[in-house]
Amino acid sequence: MSGGARADLAGTFRRLIRETGPISLAQYMGESNAHYYTSRDPLGDAGDFITAPEVSQVFGELIGLWLADIWVRAGRPGPVHYVELGPGRGTLASDALRTAGRYGLIPQVHFVEGSDALRQIQRGTIRGVTHHADVTTLPEDGPLLIIANEFFDALPVRQLLRAAEGWRERMVGLEGDRLVFVYGDRPMDAAVPQSWRHASQGTVIETSPAAAAVMSELADRLVAQGGAALMIDYGSRESRAGSTLQAIKGHQKVDVFSAPGKMDLTAHVDFEVLSHVAQRQGANLLGVQMQGEWLSALGIDMRMEALKRRAPDQAEKLARQHARLVAEDQMGLLFKVMGLSGKGWPAEAPGF
Ligand code: SAH
């Protein structure tokens with residue numbers, strides 16, 4: 001966004017809307033999140049939300065084990081690159097790489113990260129990491145082992161509403177000084193997937209062109225260079241109607257217009273769409289599994305028991321962390337793990 005005081009993004013949005021009319025939800029979400037992430041470390045108790053790698057080291061360790069397994073079965077090709085999208089504090093990478101190293105997997109490390117504040121923290125966690133602004137500059141000289149945890153949910157979505165006269169885009173406009181949802185006047189029927197075209201009036205669907213574009217590029221790379229990918233996020237295995245846009249600040253849900261640039265805006269990930277995109281590009285879909293089941297299949301129970309034996313005084317805390325990651329009423333069901341592999345790589349893998 002040009003001009004405008006960065007400190008007051010809401011004011012900048014208001015001026016922009018007054019001058020040029022309603023803006024798309026994707027623009028609102030994209031600029032709000034870019035400002036949000038680059039200005040702070042949002043993770044942890046003192047921040048706005050907690051993610052699986054920040055709950056327990058076991059999460060990253062099991063991912064490292066999974067990567068080492070598929071790399072060994074692919075014949076230990078080198079050079080090989082570990083690529084993480086939106087790595088936060090670098091905690092997952094650090095746990096995964098420590099574990100993978102025990103099996104001889106010592107990849108070069110590449111982070112796709114938009115936030116200056118987080119890049120700084122990541123340099124402290126992972127020595128020698130190479131940062132990328134997006135996926136287009138990732139290396140081309142070897143297979144990619146790609147991880148994304150809670151990355152795709154932060155990418156901008158657009159919402160389409162079935163109004164009386166046809167499909168319209170939900171946009172962000174003004175009512176007095178308040179940001180509100182308004183409806184665009186352009187017909188959007190052509191942007192609606194075939195299966196939703198005839199949905200009843202009032203139906204809202206959400207799509208993320210940005211997520212589909214990233215997925216498409218990653219799948220292309222897996223097919224051209226080999227490798228494997230795990231995308232972990234909240235969302236559903238089948239496309240569903242309805243808005244899942246939400247804003248989180250200080251571990252609470254808040255109104256999506258309450259504090260642009262100062263809260264985390266996310267939407268559920270549509271794994272049906274992402275799997276189709278990846279397969280269309282020729283990648284192998286290993287599967288889309290519930291996080292709880294995936295971690296259990298990878299041996300989380302045994303690993304947690306081992307940690308408890310080593311630190312019996314921590315047993316209660318470890319049990320809480322374990323439950324947080326796998327229990328159905330916590331992260332176990334809502335979060336999904338999607339696995340992909342590239343040409344010439346194993347088409348089956350643990351957990352799926
Ligand atoms: N994976 C980490 C952090 C999740 S928060 C964890 O599980 O703890 C989302 C991460 O994605 C942050 O690192 C954020 O800066 C990054 N991010 C969000 N949108 C991005 C974008 N468009 N481009 C690059 N990085 C982005």
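What you see is a predicted model; the values in this text were computed from it and never measured. Start at 1 and go down the list; that is how both ligands and their atoms are numbered.
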ask   = Is there a side-chain contact between Y82 and L67, using heavy atoms and a 4.5 Å cut-off?
value = yes
inquiry  = Any heavy-atom pair between the side chains of S243 and E206 that's under 4.5 Å?
reply    = yes
inquiry  = Below a 4.0 angstrom heavy-atom separation, can you tell me which part of L155, side chain or backbone, both or neither, approaches ligand 1?
reply    = side chain
task = Select one of side chain, backbone, both or neither to describe which atoms of L43 lie under 4.0 Å from any atom of ligand 1, heavy atoms only.
result = side chain
inquiry  = Could you work out, for atom 21 (C) of ligand 1, the closest of F111, Y37, F151, F49 by heavy-atom distance?
reply    = F151
remark   = Closest to atom 15 (O) of ligand 1 by heavy-atom distance, out of H132, Q122, E113, is E113
key: Sidechain N-carboxylate O distance under 4.0 Å for R303, E61   = yes
query = Are E169 and R186 close enough for a salt bridge, meaning some N to O gap below 4.0 Å?
reply = no
task = Give a yes/no on ligand 1: does L92 have at least one heavy atom closer than 4.0 angstrom to it?
result = no
message = Is it the case that over 12 heavy atoms from other parts of the model lie below 6.0 angstrom from the CZ atom of F49?
response = yes
message = Regarding ligand 1, does E54 bring an N or O atom to under 3.5 Å of one of the ligand's N or O atoms?
response = no
task = For atom 2 (C) of ligand 1, find the nearest protein heavy atom and state the residue, atom name and distance (0.1 Å precision).
result = G86 O, 3.3 Å
